[in-house]
Amino acid sequence: MNYWLMKSEPDDFSIDNLQMSEQQTVAWQGIRNYQARNYIRDQIALGDVVLFYHSSCKVPAIVGLAKISSDAQIDISAFDNRSPYYDVKSNTNTPRWWQVDIQFMAKFSKPVSLKQLKADLALQDMVLVAKGARLSVQPVTPLQYQHIMQLTILK
DNA sequence: GCCAACGTTGGC
DNA sequence: GCCAACGTTGGC
């Protein structure tokens with residue numbers, strides 16, 4: 001079982017939106033970055049745990065937990081020319097983009113802010129904290145995960 | 001809204 | 001395969 005961090009802009013889709021979704025589950029479509037795609041297609045597995053991160057907002061922070069609730073599937077939004085995620089270069093013969101379902105697990109009573117993560121000596125190797133990291137799907141080590149959970153509990 | 005950092009594209 | 005130009009991300 002592995003740990004991941006996934007970003008979402010709360011104005012677009014927040015942890016509250018996830019919690020209120022049908023079955024508290026949503027298909028994570030629209031990943032259009034190859035490294036993130038590779039994680040989704042090749043490494044992320046059913047039951048893995050996701051740190052849900054709010055980006056491009058007032059207080060960027062890890063705001064809760066989700067879990068991977070499906071195998072990787074072809075992202076058909078890439079085939080839909082009315083979708084904002086449309087990609088003319090993806091087709092059913094050679095699908096370029098993939099998705100997984102994520103299911104709500106928990107919302108933190110107090111989020112763990114990016115500022116807090118950056119200031120924590122135990123988390124300097126996090127992909128998120130590493131200078132310039134922009135990946136929207138990124139691996140988290142078990143130690144990093146445990147440390148972050150300690151922070152939320154201590155709050 | 002600015003802009004640094006990064007990813008992608010495409011000419012050569 | 002290099003790399004300049006361009007587009008995007010996302011913190012501030």
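Here is how names work: the chains are called A, B, and so on, in the same order as the sequence lines, proteins then strands, and each is numbered from 1.
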If I take atom CZ in residue A:Arg32 and atom P in nucleotide B:dG7, what distance separates them, rounded to the nearest angstrom?
18 Å
For C:dG10, take OP1 and OP2 only and decide whether either is under 4.0 Å from a side-chain N or O of A:Lys7.
yes
For atom OH of A:Tyr34 and atom C1' of C:dG7, their distance in whole Å:
14 Å
Nucleotide nearest A:Leu114 (side chain, heavy atoms from C-beta), chosen from B:dA5, C:dC12, B:dT9:
C:dC12
Separation of B:dC6 atom C1' from A:Gln138 atom CD, nearest Å, is 14 Å
Could you please spell out the steps behind the salt bridge (Lys or Arg N to Asp or Glu O under 4.0 Å) verdict for A:Arg32 and A:Asp75?
CA-CA 10 Å; A:Arg32 296 293 179 266; A:Asp75 183 347; 3.0 Å; yes
Residue pair A:Asp80 / A:Ser77, side-chain donor-acceptor N/O under 3.5 Å
no
Euclidean distance, atom CG of residue A:Asn33 to atom P of B:dT8 [Å, nearest integer]
5 Å
Whole-Å distance separating the NE2 atom of A:His54 from the C1' atom of C:dT9
17 Å
Can you tell me if CD1 on A:Ile76 sees more than 12 non-hydrogen neighbours from other groups inside 6.0 Å?
no
Side-chain N or O of A:Tyr53 closer than 4.0 Å to phosphate OP1/OP2 of C:dG11
yes
What class does the angle between the rings of A:Tyr145 and A:Tyr3 fall in, given that below 30° is parallel, 30 to 60° is tilted and above 60° is perpendicular?
parallel
note: A:Leu135, atom CG; C:dG10, atom P; distance rounded to Å ~ 9 Å
In whole angstroms, how far is the P atom of C:dT9 from the OH atom of A:Tyr85?
10 Å
Respond yes when some side-chain nitrogen or oxygen of A:Lys118 is under 4.0 Å from OP1 or OP2 of C:dC12, and no when none is.
yes
Minimum-distance nucleotide (side-chain atoms of A:Pro60 versus B:dG7, C:dG11, C:dG10):
C:dG11
Figure out the CG/P separation between A:Asn38 and B:dG7, and round it to whole Å.
13 Å
